Each structure stands twice: as structure tokens, then as C-alpha cells.
Amino acid sequence: MLDRKFLRENRELVTRAVALKNESVDIGAYYEKDAERRAALQETESLAAEANQANRAISERKKAGQDVAEAIAAMKAISVRMKGLKARAAELEAEVEALYLKIPNIPHESAPEGGEENNEIVRTWGEPKTFDYEVAAHWDVGERLNQLHPERSARMSGSGFLLLTGDLARLDRALTAWFLDVHREQGYTECTVPFLVNRTAMTGTGQLPKLEDDMYYCGGDDLFLIPTAEVPVTNIHHGETLDAADLPLKYCAYSACFRREAGAAGKDTRGLLRVHQFNKVEMVKLVDPETSWDELEKLTADAEELLQKLDLPYRVASLATGDLSFAASKCYDLEVWSPGVGKWLEVSSCSNFVDFQARRSGIRFKGDGRKGFVHTLNGSGLALPRVMVAILENYQLADGRIRVPEVLVPYLGGQEYIG
């Protein structure tokens with residue numbers, strides 16, 4: 001969330017940010033209700049001062065033997081007015097808070113303006129591979145291997161859920177283990193996290209209230225299945241004040257991810273492209289505000305290192321304001337080339353949220369004569385399904401077998417081919 005004083009002093013900037021991000025919050029209503037709330041509080045304070053003065057006058061009149069009936073009646077009127085103002089201020093505070101939580105983060109000045117079509121490619125790595133034979137799409141590979149089972153998974157869970165067996169299941173596990181090992185070498189502390197979290201945690205990272213309808217909710221316990229490990233990992237330090245000397249804190253975690261909205265638009269629903277549940281390794285940083293933009297570049301480079309070691313061609317896109325998430329100030333998407341599908345597929349989003357999440361989660365720092373809210377960053381390192389897509393299609397041989405990327409061979413017990 002944004003500081004309320006900042007909101008009051010920067011109405012034009014905030015209103016523009018809401019428009020740039022295509023958010024639906026009624027920002028005008030926020031300012032109107034907040035102004036009415038503050039006016040009610042100010043009048044309450046004035047009446048309280050008037051009441052104190054009236055009390056003293058009544059006391060003095062009583063001592064002087066004077067009639068105080070009229071003064072007491074006036075005092076009661078002030079009390080009734082104050083009670084009504086306090087009740088109204090409380091109502092307005094609830095309305096303001098509800099709107100406040102829907103106000104998005106301010107896009108960084110370097111983010112391109114516009115929608116997805118205005119995303120800027122800032123760099124590429126590798127060249128899309130050319131083949132002198134037809135490359136099968138990964139869903140055809142999975143069907144041929146009899147290791148991707150959409151019909152069977154649909155029978156038990158409906159569409160949008162994966163059932164992998166055999167070498168594809170092993171490849172998923174191998175990628176997870178390798179991702180975590182590389183991140184540990186990069187200086188991240190590995191975590192095992194809950195897959196269910198409460199409303200406070202989801203609100204802290206910005207999923208609630210905006211995305212509540214897109215989350216999987218367990219009503220009996222008032223808990224949500226996590227959409228990404230970003231949620232529990234960022235909340236490790238919820239409500240804490242960190243020592244500035246300990247920053248940056250770098251964490252990584254594997255989790256299953258649950259997203260109800262996946263595939264809602266009816267596109268990219270075949271195979272592994274867009275599913276409701278998938279595995280992912282996430283990187284999270286809590287950093288000193290003075291270094292957060294450098295840390296974003298380092299975070300992105302850490303994710304890129306995985307794709308480079310897998311020898312998968314990719315590109316890095318700086319997201320335009322209309323394509324940024326609710327909480328992000330700036331985001332780089334890493335997109336890997338998929339020759340069978342014939343498009344670039346997002347496998348990681350690396351974002352700087354500045355102090356937006358930290359304010360919602362109460363994560364502060366102090367030290368060296370400074371104090372404030374930390375900056376939070378996170379990035380996929382990486383999302384498993386589309387990386388698997390890229391491997392099955394980029395490493396496909398003419399005879400239909402899949403060559404295992406060299407870095408993964410040890411994680412598959414020395415196995416060099418699938419199929």
C-alpha cells in the first residue's frame with residue numbers, strides 16, 4: 001500500500017497511476033471519503049475542546065451558586081454531536097480502508113506506458129533453434145510417451161490440472177531440485193513453506209482483496225491455497241523490524257501454486273501451457289531501499305542464469321504499465337522460445353514492489369541512523385510447466401527422443417534421453 005500522507009499530497013500522480021494500470025478502484029471516492037473522514041475527526045477534536053471548556057465553566061458556575069441547567073443542556077448537545085461524528089468517522093474509515101487496499105502501486109518511471117503490446121524487449125539470449133524436421137508440440141510428445149494424461153486428471157479434478165508419470169514426472173522433480181541447488185549457490189536460503197495461508201498474509205503481498213475471486217479458498221479454516229511461494233516467503237518477516245546490516249535477505253522456496261483464473265480466457269489451455277496447479281521455485285528478496293533497483297537487476301540475472309545453463313533461447317521484456325501486476329512498480333518477464341507451440345512463453349516475472357508490500361506486511365528496518373520499510377522483490381526461478389515445454393520441444397531429436405539437458409543428467413540418475 002501507499003503511505004496515506006503520500007496519497008493526500010500526490011492526488012494527480014496516484015490518479016494517473018490507477019489509469020495507467022487499468023485498475024477499477026474509484027479513486028475519486030477514496031479522496032472524497034477520506035476528506036469527509038478527516039473533517040469529521042477535526043470537528044470532533046474541536047468539539048472536545050469546546051466540551052472541556054464548557055465543563056470548566058459549569059464547575060465554576062456551580063461554585064458560584066449560579067444556574068447551570070442551560071449550560072448542561074448545551075453540553076449534552078455537544079456530547080450527542082460528538083458521538084454521531086465518531087460513529088460517522090468510524091464508518092468512513094471502514095469505507096476508506098476498503099478503497100485504500102484497492103489502490104495499486106505506482107509504476108516506476110522507466111516502465112513503458114500502455115498495454116501488453118507496449119512491452120519492451122530489453123535483451124535476448126541465444127537464437128531460436130532451427131530444425132530440418134518437424135518439431136512436435138509438447139502435448140503430442142506427452143501423448144506419444146503416455147506420460148501426460150489430461151483425460152485422467154480431468155476425471156478427478158476437472159480441466160486445468162496436470163497428471164505426469166514416468167520420465168516427465170521425474171523431469172519435473174529434477175528441475176525443481178536443480179533450480180533450488182543453483183539458487184543456494186547464488187546465496188539464497190532455501191525454505192519449506194506452508195501451501196495454505198491466512199487473509200493477513202494474502203493481503204500483505206497484495207493478492208487480497210483484489211484477486212480473492214481468483215484464489216482457491218478453504219472456507220472452513222478461512223485459509224487460501226497459495227498462488228505462489230512469494231506469499232509465505234515474503235510473510236516470514238511479517239510485523240518485524242530487521243537490522244539494516246542483515247540486508248539483503250535472500251530466500252528461495254519450492255511450492256505448488258494454485259490459481260483459479262488460469263485458462264479462464266479459454267486460450268493456451270492445451271498441454272502444460274496454462275493450468276490451475278503447477279510447481280514453481282520462487283526467489284524473494286528483502287532489501288535496503290537504497291539498493292533495490294540494483295537488486296532487481298541481480299534477481300533477474302539469477303533467473304536468467306538458469307535458462308542459460310539449460311541452453312534455452314529467451315528474451316527479457318520490461319512490462320508496460322497496463323501489464324504490471326497490482327503490487328509491482330517494475331517487472332521484467334523472461335520468455336523462452338517454444339518451437340513446437342511457435343511462440344515465446346513467460347517462465348519468470350521478476351518484480352520490484354518497493355515498499356508497497358512491506359507497508360501492508362509491516363516489515364521495517366533500522367540501523368546506521370536510518371529506519372523505514374524494506375523493499376521487497378521476487379521472481380520465478382523458474383515456473384516448471386513452461387520450462388518443461390521448452391525442453392521437450394527444443395531438445396527434441398529427429399527420432400522423437402528428447403535429449404536431457406546436460407545440467408539435468410545427474411538429477412535423472414545419468415539418464416541422457418527421454419523416450
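This is a predicted model, so every value here is computed, not measured. Positions are given from 1, in the same order as the sequence printed here.
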State yes or no: are the ring centers of Phe326 and Phe356 separated by less than 6.0 Å?
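Under 6.0 Å, so yes.
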Below 4.5 Å, heavy atoms only, C-beta onward: do [X] and [Y] meet side chain to side chain?
| X | Y | answer |
| --- | --- | --- |
| Cys191 | Ile236 | yes |
| Tyr188 | Lys285 | yes |
| Arg81 | Glu50 | no |
| His237 | Val374 | no |
| Asn118 | Asp323 | no |

Return the [atom1] to [atom2] distance between [X] and [Y], rounded to the nearest 0.5 Å.
| X | Y | atom1 | atom2 | answer |
| --- | --- | --- | --- | --- |
| Thr241 | Ile363 | OG1 | CD1 | 10.0 Å |
| Ile103 | Lys210 | CD1 | NZ | 13.0 Å |
| Cys350 | Asp302 | SG | CG | 8.5 Å |
| Tyr100 | Arg4 | OH | CZ | 6.0 Å |
| Thr203 | Glu212 | OG1 | CD | 8.5 Å |
| Arg386 | Leu272 | CZ | CG | 10.0 Å |

To check you understand the geometry: which heavy-atom pair defines the closest contact between [X] and [Y], and what is its length?
| X | Y | result |
| --- | --- | --- |
| Val281 | Leu180 | CG1-CD2, 3.7 Å |
| Ile391 | Ile402 | O-CG2, 3.9 Å |
| Glu393 | Pro339 | OE1-N, 3.6 Å |
| Ala201 | Asn235 | O-ND2, 3.1 Å |
| Leu162 | Leu148 | CD2-CD1, 4.4 Å |
| Met283 | Ser380 | CE-O, 3.9 Å |

What verdict does the salt bridge (Lys or Arg N to Asp or Glu O under 4.0 Å) test give for Arg370 and Asp368, after you've listed the backbone C-alpha separation in whole Å, the side-chain angles of each residue and the deciding distance to 0.1 Å?
CA-CA 5 Å; Arg370 297 184 303 125; Asp368 299 325; 5.2 Å; no
Salt bridge flag under 4.0 Å for residues Arg16 and Glu12
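A salt bridge is absent here (no side-chain N lies under 4.0 Å from a carboxylate O).
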Using 4.0 Å as the upper bound for N to carboxylate O, is an ion pair formed by Lys5 and Asp3?
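Result for this pair is no, no salt bridge flagged.
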For atom [atom1] of [X], decide whether the heavy atoms of other residues, nucleotides or ligands shown that lie under 6.0 angstrom number more than 12.
| X | atom1 | answer |
| --- | --- | --- |
| Glu9 | CD | yes |
| Glu346 | CD | yes |
| Asn52 | CG | yes |
| Glu143 | CD | no |
| Arg88 | CZ | yes |
| Glu109 | CD | no |

Without swapping roles, check the side chain of [X] against the backbone of [Y] for a donor-acceptor pair under 3.5 Å.
| X | Y | result |
| --- | --- | --- |
| Arg403 | Leu397 | no |
| Glu23 | Val18 | no |
| Ser79 | Met75 | no |
| His276 | Arg259 | yes |
| Asn10 | Leu13 | no |
| His138 | Gly271 | no |
| Gln396 | Ala136 | yes |
| Ser329 | His108 | yes |
| Gln147 | Leu168 | yes |
| Thr321 | Gly114 | yes |

Evaluate the criterion side chain to side chain donor-acceptor pair (under 3.5 Å) for residue pair Gln415 and Asp167; output intermediate values, then yes/no.
CA-CA 10 Å; Gln415 182 176 338; Asp167 286 339; 3.1 Å; yes
Do we see a donor-acceptor contact under 3.5 Å between the side chains of [X] and [Y]?
| X | Y | answer |
| --- | --- | --- |
| Tyr332 | Glu297 | yes |
| Asn279 | Asp172 | yes |
| Glu230 | Thr205 | no |

What residue among Pro194, Cys257, Ser255 forms side chain to side chain contact (heavy atoms under 4.5 Å, CB included) with Ile226?
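Between Ile226 and the candidates, side chain to side chain contact (heavy atoms under 4.5 Å, CB included) is satisfied uniquely by Ser255.
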Set out, in order, the CA-CA distance, both residues' side-chain angles and the distance that settles salt bridge (Lys or Arg N to Asp or Glu O under 4.0 Å) for Arg38 and Asp34, then state yes or no.
CA-CA 6 Å; Arg38 286 186 288 115; Asp34 187 53; 3.3 Å; yes
Give me the ring orientation class for Tyr133 and Phe131: parallel if the planes are under 30° apart, tilted from 30 to 60°, perpendicular past 60°.
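The arrangement is perpendicular - the two ring planes meet at more than 60°.
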What do the steps show when you test Thr124 against Tyr314 for side chain to side chain contact (heavy atoms under 4.5 Å, CB included), and what is the final call?
CA-CA 6 Å; Thr124 61; Tyr314 68 89; over 6 Å; no
For Tyr395, is the NZ or CZ atom of Lys129 found under 6.0 angstrom from the centre of its six-membered ring and inside 45 degrees of the ring axis?
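Yes, Lys129 lies over the aromatic ring of Tyr395.
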Go through the steps for Lys86 and Thr44 under the test side chain to side chain donor-acceptor pair (under 3.5 Å), then give the verdict.
CA-CA 7 Å; Lys86 288 180 179 178; Thr44 301; over 6 Å; no
Could you give me the CA-CA distance, side-chain angles and deciding distance for Tyr217 and Arg199, then say whether side chain to side chain contact (heavy atoms under 4.5 Å, CB included) is met?
CA-CA 10 Å; Tyr217 176 58; Arg199 289 181 176 274; 3.8 Å; yes
What's the verdict on side chain to side chain contact (heavy atoms under 4.5 Å, CB included) for Leu307 and Trp125, showing C-alpha distance, side-chain angles and the deciding distance?
CA-CA 9 Å; Leu307 294 175; Trp125 187 91; 6.0 Å; no
Where do Lys250 and Glu295 land on the salt bridge (Lys or Arg N to Asp or Glu O under 4.0 Å) test, with the steps shown first?
CA-CA 10 Å; Lys250 300 167 60 176; Glu295 292 290 353; over 6 Å; no
Between Phe353 and Asn378, does a side chain to side chain contact (heavy atoms under 4.5 Å, CB included) hold up when you go through it step by step?
CA-CA 8 Å; Phe353 303 95; Asn378 69 52; 3.0 Å; yes
For a salt bridge (Lys or Arg N to Asp or Glu O under 4.0 Å) check, start with the C-alpha distance between Glu91 and Lys33, then their side-chain angles and the critical distance, and finish with the verdict.
CA-CA 10 Å; Glu91 292 175 0; Lys33 292 180 183 296; over 6 Å; no
